[in-house]
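Given the structure is predicted, the values throughout are model-derived calculations rather than measurements. Position 1 is the first residue of the sequence; numbering continues from there.
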Amino acid sequence: MKHAKFITLTVGMFFALSSFGNTSEDPLKIVQKSILEDPLMEQVSRMAHHTVSTGLNAGDGYGEVWIRDFNTFIQVAMDVMPDQQVQECLNTFFIFREKVVTL
């Protein structure tokens, strides 16, 4: 099922990219429009919200999501997690950042 979705998205992107020479519209805008109009985007958003709402566990090998990755889904986290929990994640980032800067 995952492969079928990936192939569908890839084929859609291929057609969007192959139309670059056939239009005077900005190529980046064509790709953006193609992505935003993709019906799978709503499903991906729902899945992301569900996944983040279950916590920040990155899997069996990791106790938590690495803070550098948190920026990729902070907006989703703000939708589904308590503000205090998001704030704690950000505080962790700044604590680690301070240690790196002082090294």
**Q.** Heavy-atom side-chain contact between D79 and Q75 under 4.5 Å
**A.** no
Q. Side chains of T51 and V76: does their closest heavy-atom pair fall under 4.5 Å?
A. no
(Q) I need the minimum non-hydrogen distance between M41 and I35, along with the two atoms involved. (A) CG-O, 3.0 Å
Q. With sequence neighbours excluded, what pairs up with N91 under the side chain to side chain donor-acceptor pair (under 3.5 Å) test?
A. none
Q: Please answer: with hydrophobic residues joined when any side-chain heavy atoms are less than 4.5 Å apart, are V44 and F73 in the same cluster?
A: no
Q.
Take a 6.0 Å sphere around NE2 of H49 and say whether it holds more than 12 heavy atoms from other residues, nucleotides or ligands.
A. yes
(Q) So, taking the atom named CG in D26 and the one named NZ in K33, what distance separates them when rounded to the nearest 0.5 Å? (A) 13.0 Å
Q: Name all residues meeting the side chain to side chain donor-acceptor pair (under 3.5 Å) criterion together with E88; count only those two or more places apart in sequence or in a different chain, and write none if there are none.
A: Q84
Q | S45 side-chain N/O to E42 backbone N/O, donor-acceptor pair under 3.5 Å | A | no
